[in-house]
Amino acid sequence: MSLPVRSFPKPPAQVEPYVAVLGIDLTVEFLLKFGGAELYVPENPKGSGRLEALIGAEKVQGLAARDYLLSRRVPLANPWVSACLHTMGYPVAEIARKVRASEATVRTHLQRYSARGNAP
């Protein structure tokens, strides 16, 4: 028996480099943890640090290789994160808690993604 295929919304341009290295699920987790903060991505991780603990040394190096595409501050991308969490099956109330927004704001994000044809 095969699992249903989840159709995630297209990531915004500032998030695409993260998705290319981390995949969607890990990018969502990464943005929830580091979004909005300035982040240094070392070329040679030393086995410590919160970034490496979350994504692993190999993926840290992958992000460092794309450093020229990354902004100094990690994007929040709350509308896209909300749509991805909805696709993963999270209820609106829980999404609102995770992205620290109201339920009405989350519903607006989801409606906008549906209107663009990026329905979660």
Side-chain angles (χ1 to χ4, degrees):
M1 177 186 276
S2 64
L3 295 173
V5 176
R6 299 184 295 186
S7 177
F8 286 98
K10 183 178 187 279
Q14 74 268 25
V15 175
E16 284 180 348
Y18 298 101
V19 173
V21 174
L22 306 175
I24 289 181
D25 292 345
L26 191 52
T27 298
V28 168
E29 189 176 348
F30 169 80
L31 293 176
L32 288 171
K33 184 160 188 152
F34 293 103
E38 288 188 16
L39 183 67
Y40 169 69
V41 180
E43 289 181 21
N44 298 310
K46 306 289 187 222
S48 62
R50 295 186 333 196
L51 177 61
E52 190 174 350
L54 178 65
I55 67 173
E58 185 177 311
K59 292 190 190 286
V60 170
Q61 290 174 328
L63 285 179
R66 289 175 171 77
D67 188 42
Y68 64 96
L69 296 171
L70 307 177
S71 63
R72 186 54 126 176
R73 189 171 297 277
V74 177
L76 289 172
N78 282 342
W80 180 77
V81 169
S82 297
C84 287
L85 290 171
H86 184 66
T87 299
M88 292 176 189
Y90 287 88
V92 171
E94 190 168 347
I95 295 169
R97 283 192 300 277
K98 285 183 176 287
V99 299
R100 298 195 180 270
S102 70
E103 291 178 25
T105 299
V106 170
R107 284 189 197 92
T108 299
H109 293 326
L110 298 177
Q111 287 172 351
R112 286 184 183 156
Y113 265 90
S114 292
R116 285 190 220 154
N118 288 327

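For reference, positions follow the sequence shown, starting with 1.
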Chemist: Drop me the distance from L39's CG to R72's CZ, to the nearest 0.5 angstrom.
Modeler: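 Answer for the CG-CZ pair, L39 versus R72, is 9.0 Å.
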
Chemist: Hey, could you give me the CD1/NE2 distance between I95 and H86, rounded to the nearest 0.5 Å?
Modeler: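 The CD1 atom of I95 sits 6.5 Å away from the NE2 atom of H86.
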
Chemist: When you look at F34 and I55, which way does the side chain to side chain contact (heavy atoms under 4.5 Å, CB included) test go after all the steps?
Modeler: CA-CA 12 Å; F34 293 103; I55 67 173; over 6 Å; no

Chemist: Any heavy-atom pair between the side chains of P11 and Y18 that's under 4.5 Å?
Modeler: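 Not touching, per the 4.5 Å side-chain cut-off.
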
Chemist: Mind running side chain to side chain contact (heavy atoms under 4.5 Å, CB included) on I24 and T87 for me, showing each step along the way?
Modeler: CA-CA 11 Å; I24 289 181; T87 299; over 6 Å; no

Chemist: Is the backbone of G47 close enough, under 3.5 Å, to the side chain of E52 for a donor and an acceptor to pair up by distance?
Modeler: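 Indeed, once roles are kept as given, a pair shorter than 3.5 Å links the two residues.
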
Chemist: Taking all non-hydrogen atoms of both residues, which atom of L31 and which atom of P75 are closest, and how far apart?
Modeler: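 Result for this residue pair: CD2-O, 3.3 Å.
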
Chemist: Between F8 and C84, which heavy-atom pair has the shortest distance, and what is it?
Modeler: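 Between these two residues, the closest heavy atoms are CE2-O, 3.7 Å.
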
Chemist: For the atom pair NZ (K59) and OG1 (T27), what is the distance rounded to the nearest 0.5 Å?
Modeler: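 Going from the NZ atom of K59 to the OG1 atom of T27 covers 9.0 Å.
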
Chemist: Determine, step by step, whether N78 and T105 satisfy the side chain to side chain contact (heavy atoms under 4.5 Å, CB included) criterion, reporting the C-alpha distance in whole Å, the side-chain angles of both residues, the deciding distance to 0.1 Å, and the verdict.
Modeler: CA-CA 10 Å; N78 282 342; T105 299; over 6 Å; no

Chemist: Should Y90 and V106 count as side-chain neighbours, where that means a heavy-atom distance under 4.5 Å?
Modeler: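 Counting from C-beta outward, Y90 and V106 never come under 4.5 Å.
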
Chemist: Which heavy atom of R66 sits nearest to which heavy atom of P17, and what is that distance?
Modeler: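 Looks like CD-O, 4.0 Å.
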
Chemist: Which atoms form the tightest heavy-atom contact between E103 and V92, and what is the distance?
Modeler: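 Taking E103 first and V92 second, the nearest heavy atoms are O-CG1, 3.9 Å.
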
Chemist: Please determine if E16 and K10 form a salt bridge, counting it only when a charged side-chain N lies under 4.0 Å from a carboxylate O.
Modeler: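 Looking at K10 together with E16, the answer is yes, because their closest N to O distance falls below 4.0 Å.
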
Chemist: Please say yes or no: joined through hydrophobic side-chain contacts below 4.5 Å, possibly via intermediate residues, are L26 and M88 part of one cluster?
Modeler: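 Yes; M88 is reachable from L26 via cluster members.
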
Chemist: Please round to the nearest 0.5 Å and tell me the distance separating atom OG of S71 and atom CD of E38.
Modeler: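 Spacing of OG (S71) from CD (E38) equals 9.5 Å.
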
Chemist: How close do G36 and L76 get, heavy atom to heavy atom, and via which atoms?
Modeler: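 Reported closest heavy-atom pair: N-CD2, 3.6 Å.
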
Chemist: Would you give the length of the straight line joining atom CG of L85 to atom CG of L32, rounded to the nearest 0.5 angstrom?
Modeler: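 Rounded to the nearest 0.5 Å, the CG-CG separation comes out at 6.0 Å.
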
Chemist: On a heavy-atom basis, which atom in P12 and which in Y113 lie closest, and how many Å separate them?
Modeler: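 Where P12 meets Y113 most closely, the heavy atoms are CD-OH, 4.3 Å.
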
Chemist: NZ/K98 to OG/S82 distance, rounded to the nearest 0.5 angstrom?
Modeler: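 Separation between the atoms: 11.5 Å.
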
Chemist: Could you go through the side chain to side chain contact (heavy atoms under 4.5 Å, CB included) check for L51 and Y40 one step at a time?
Modeler: CA-CA 9 Å; L51 177 61; Y40 169 69; over 6 Å; no

Chemist: Do V15 and F30 have side-chain heavy atoms sitting under 4.5 Å apart?
Modeler: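 They are not in side-chain contact.
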
